[in-house]
Amino acid sequence: MMEGAAICTTTNVREESVDLTQISLRPINLDDLDDLMLWTTDKRVARYCTWEPYTSKEDGINFIQNIASKSLWFRAICLNNRAIGCVDLFSCSGKGKSRDKSAELGYALGSRYWGKGIATHVVKQVVKAAFSEFPHLGRVEALVDVENVGSQRVLEKAGFQREGVLRKYVIIKGKSRDMVMFSVLSNDPQSYVPFGACQQ
């Protein structure tokens, strides 16, 4: 999830609607560099992320070639096959053996696409993919900055449960931040969108 453990988008901009059937998930590649630079250079997108806005194409190339590959599962969020964001799952097993049945969700979405239902649609697809492709997982969790109300709403709409606030949990851009922990369990009753919309 773009070099950190915090969900990066907010969802408070409303413009024209988007046909959610045109949203797909696929592996990211160097052909996506120009599209990736549109949202990774945006201060609004990076506001709640651990990373600063990208300043060069080299940053984008490094992300595609080196950072995205470290995720358990990583996809570009595409509208008509153009990368407008990204979503990933990180294994929590690095945090100790007791966490090997958990994965952490993260995403970033271009600001011009906020408030259109895209993030909620994608999160539902990813949770379905997580429990289908990684049957050992029992939990998908997400950490959201306490001020990022838009992403908190996304997770709630996608069926995540708010578990509580972790005070001064992480340092992001030099400041201690309170984070809200959300989770969904493999046996939680859900109304996910069909998995067929996820492309590998």
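Keep in mind it's a predicted model, so treat the numbers as computed, not measured. For the numbers below, each heavy atom of this structure counts, side chains included, while hydrogens, waters and symmetry mates do not.
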Student: Strictly under 6.0 Å, is that where the ring centroids of Phe90 and Phe74 end up?
Tutor: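 No, too far apart.
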Student: Counting only heavy atoms not in Arg82, do more than 12 sit closer than 6.0 Å to its CZ atom?
Tutor: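 Incorrect, the count does not exceed 12.
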Student: Is there side-chain contact between Arg177 and Lys168, with at least one heavy-atom pair below 4.5 Å?
Tutor: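 No, side chains not in contact.
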Student: Do Gln161 and Val184 touch side chain to side chain, with heavy atoms closer than 4.5 Å?
Tutor: no
Student: Given side chains that start at C-beta, do those of Tyr169 and Asp178 come closer than 4.5 Å, heavy atoms only?
Tutor: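 No, too far: nothing below the 4.5 Å cut-off.
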Student: Check for a donor-acceptor pair, side chain of Lys173 on one end and backbone N or O of Trp51 on the other, with a separation under 3.5 Å.
Tutor: yes
Student: Do Met181 and Glu141 have side-chain heavy atoms sitting under 4.5 Å apart?
Tutor: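 SC-SC contact between Met181 and Glu141 confirmed.
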Student: With rounding to the nearest 0.5 angstrom, report the CG to CG distance, Asp19 to Asn80.
Tutor: 8.5 Å
Student: Below 4.5 Å, heavy atoms only, C-beta onward: do Trp114 and Val45 meet side chain to side chain?
Tutor: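 Heavy-atom side-chain distance check passes, below 4.5 Å.
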Student: Any Lys/Arg nitrogen of Asp34 or Lys57 sitting under 4.0 Å from an Asp/Glu carboxylate oxygen of the other?
Tutor: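 Yes, charged N to carboxylate O under 4.0 Å.
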Student: With a 4.5 Å cut-off on side-chain heavy atoms, are Phe160 and Leu105 touching?
Tutor: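 Result yes, sub-4.5 Å side-chain heavy-atom pair found.
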Student: Please say whether the positively charged group of Arg75, taken as NZ for Lys or CZ for Arg, lies over the ring of Trp73, i.e. under 6.0 angstrom from the six-membered ring centre and within 45 degrees of the axis.
Tutor: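 Yes, a cation-pi geometry holds between Arg75 and Trp73.
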